[in-house]
Amino acid sequence: MKKNILVGVDGSAVGSAAVDWAAERARDLGLQLNLVHAVPEPWAFPEKALHDAATAQAKDLLKGEAAGVTARFPSLGVVTTLSSGEPAETMRKLSADAEMVVVGTDRRPGNHGEGFGSVSFQIAVISHCAVAIVPARSTRESSGVVVGVDGSLDSELAVECAADEAQRMRQELVIVHAGSGRDPAASGRPGRGTGAAEPGLDGHALLSKSVKGLKERHPGLAILKILDLERAPAEALLDAGARARLLVMGCKGRGGARVLVGSVAQHVLLNVRCPTLITRPALPK
């Protein structure tokens with residue numbers, strides 16, 4: 001069993017929100033928290049002294065964050081990692097031995113693809129394990145753990161993960177299935193490969209299949225099923241996520257083995273409204 005949750009540290013307010021979210025989860029599950037910061041490689045600086053200064057600042061940042069986390073979560077095991085290189089590539093390498101990667105985001109992309117350059121999006125796409133994207137803290141009331149289902153093997157994994165998280169957080173599990181509509185984030189075509197949906201199931205059947213055995217595996221879990229045939233999956237999930245404590249999705253859905261991140265997950269990741277967890281199957285051993 002993997003023992004680390006990695007969280008990116010950059011000294012920002014949204015980064016602090018991600019650290020606290022990761023720390024709370026690590027504490028609840030008895031995992032170790034690894035605070036990670038990447039400094040660009042020496043060639044990225046015009047002078048060696050500037051690289052040395054950036055490295056010294058990074059060490060101070062990690063030391064301060066570790067002290068703060070330990071004060072807020074005394075029972076939590078905390079370690080730090082200072083890496084050289086780009087943040088996304090650093091997390092990708094470390095994620096192979098992690099239980100989860102957590103990063104903050106305050107990116108609000110426009111309509112012209114700017115979001116594809118965001119570090120949080122890159123990390124979600126290329127990491128080997130589950131990735132949680134945490135936005136800035138909100139003052140609005142929130143409740144429930146929302147998970148999207150489409151009948152794929154990916155969504156089955158997401159439902160199980162979401163049920164675990166809902167039970168840990170003592171929240172209701174909200175399972176959403178939506179129609180493809182005309183959303184550009186949904187292809188509207190059945191996928192191929194390991195993520196393909198089971199043929200012959202309508203929305204009601206998919207929801208019923210998704211909850212089968214959940215209450216036996218998660219005693220006391222409250223479950224709400226939502227079938228939304230009016231809106232596209234990404235739109236329905238973003239709307240539900242606006243009021244949720246957590247949104248959970250499979251990384252590929254019906255996109256199958258040929259894509260890194262499915263189109264619906266891609267759209268949601270570029271418009272994060274609450275902590276959003278992208279699940280991934282375990283790496284083969």
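Here the structure is a predicted model, which is why all the values come from computation and not from measurement.
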Checklist entry - Can Asp150 and His177 be said to form a side chain to side chain donor-acceptor pair (under 3.5 Å), step by step? => result CA-CA 6 Å; Asp150 61 6; His177 176 71; over 6 Å; no
Next on the checklist: Can you see whether His37 engages Asp10 through a side-chain donor-acceptor pair at a distance of less than 3.5 angstrom?
Outcome noted: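 Absent: no donor and acceptor within the cut-off.
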Checklist entry - Can Lys48 and Asp52 be said to form a salt bridge (Lys or Arg N to Asp or Glu O under 4.0 Å), step by step? => result CA-CA 6 Å; Lys48 180 179 181 300; Asp52 292 343; 2.9 Å; yes
Inter-residue atom distance [X].[atom1] - [Y].[atom2], 0.5 Å rounding:
X: Ile126; Y: Phe121; atom1: CD1; atom2: CZ; value: 11.0 Å
X: Lys93; Y: Leu6; atom1: NZ; atom2: CG; value: 14.0 Å
X: Glu89; Y: Ser127; atom1: CD; atom2: OG; value: 9.5 Å
X: Leu31; Y: Arg27; atom1: CG; atom2: CZ; value: 12.0 Å
X: Met169; Y: Asp164; atom1: CE; atom2: CG; value: 12.5 Å
X: Arg170; Y: Arg245; atom1: CZ; atom2: CZ; value: 11.5 Å

Do [X] and [Y] have side chains that get closer than 4.5 Å, going by heavy atoms?
X: Lys225; Y: His204; value: no
X: Val174; Y: Val145; value: no
X: Thr105; Y: Val14; value: no
X: Val176; Y: Val146; value: yes
X: Leu207; Y: Leu227; value: yes
X: Ile223; Y: Leu214; value: yes
X: Arg72; Y: Val19; value: yes
X: Ile175; Y: Leu224; value: no

Item to check | Residues Glu99, Arg25; criterion salt bridge (Lys or Arg N to Asp or Glu O under 4.0 Å); working and verdict | outcome: CA-CA 11 Å; Glu99 197 267 348; Arg25 189 178 189 277; 2.9 Å; yes
Checklist entry - Does the side-chain contact (heavy atoms from CB on, under 4.5 Å) test come out yes or no for Val264 and Met249, once each step is laid out? => result CA-CA 9 Å; Val264 175; Met249 302 180 63; 3.7 Å; yes
Next on the checklist: Could you check whether atom CD of Glu86 has more than 12 heavy atoms from other residues, nucleotides or ligands sitting under 6.0 Å from it?
Outcome noted: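 Incorrect, the count does not exceed 12.
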Next on the checklist: If you count every heavy atom of other residues, nucleotides or ligands that lies below 6.0 Å from Arg140 atom CZ, does the total exceed 12?
Outcome noted: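 Enclosed.
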Where is the tightest heavy-atom contact between [X] and [Y], given as atom of each residue plus distance?
X: Ser120; Y: Ile133; value: O-CD1, 3.6 Å
X: Ala178; Y: Ala236; value: CB-CB, 3.7 Å
X: Leu246; Y: Pro275; value: CD1-O, 3.3 Å
X: Val159; Y: Ser210; value: CG1-O, 3.6 Å
X: Pro135; Y: Ala17; value: O-CB, 4.0 Å
X: Val119; Y: Pro87; value: CG1-CB, 3.9 Å

Closer than 4.0 angstrom, basic N to acidic O: yes or no for [X] and [Y]?
X: Asp154; Y: Arg280; result: no
X: Glu156; Y: Lys209; result: yes
X: Asp228; Y: Arg231; result: yes

Item to check | Audit row: Thr55, Leu82, side-chain contact (heavy atoms from CB on, under 4.5 Å) steps and yes/no | outcome: CA-CA 8 Å; Thr55 300; Leu82 178 59; 4.0 Å; yes
Keeping [X] on the side-chain end and [Y] on the backbone end, is there a donor-acceptor pair under 3.5 Å?
X: Thr276; Y: Cys274; answer: yes
X: Ser152; Y: Ser155; answer: yes
X: Thr70; Y: Ala67; answer: no
X: Ser95; Y: Ala98; answer: no
X: Arg243; Y: Asp239; answer: yes

With hydrophobic residues grouped by side-chain heavy-atom distances under 4.5 Å, do [X] and [Y] end up in a single group?
X: Ile278; Y: Leu157; value: no
X: Val79; Y: Val103; value: no
X: Val39; Y: Leu50; value: yes

Checklist entry - Which of these, Asp60, Val7, Thr80, Leu35, sits in a side chain to side chain contact (heavy atoms under 4.5 Å, CB included) with Glu65? => result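 Filter result, single survivor: Leu35.
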Next on the checklist: Go through it in stages, so that I can follow the logic: the residues are Val134 and Val102, the test is side-chain contact (heavy atoms from CB on, under 4.5 Å), and I'd like the CA-CA distance, side-chain angles, deciding distance and then a yes or no.
Outcome noted: CA-CA 7 Å; Val134 180; Val102 181; 3.8 Å; yes
Item to check | Derivation of the side-chain contact (heavy atoms from CB on, under 4.5 Å) call for Val131 and Met100 | outcome: CA-CA 6 Å; Val131 176; Met100 180 180 289; over 6 Å; no
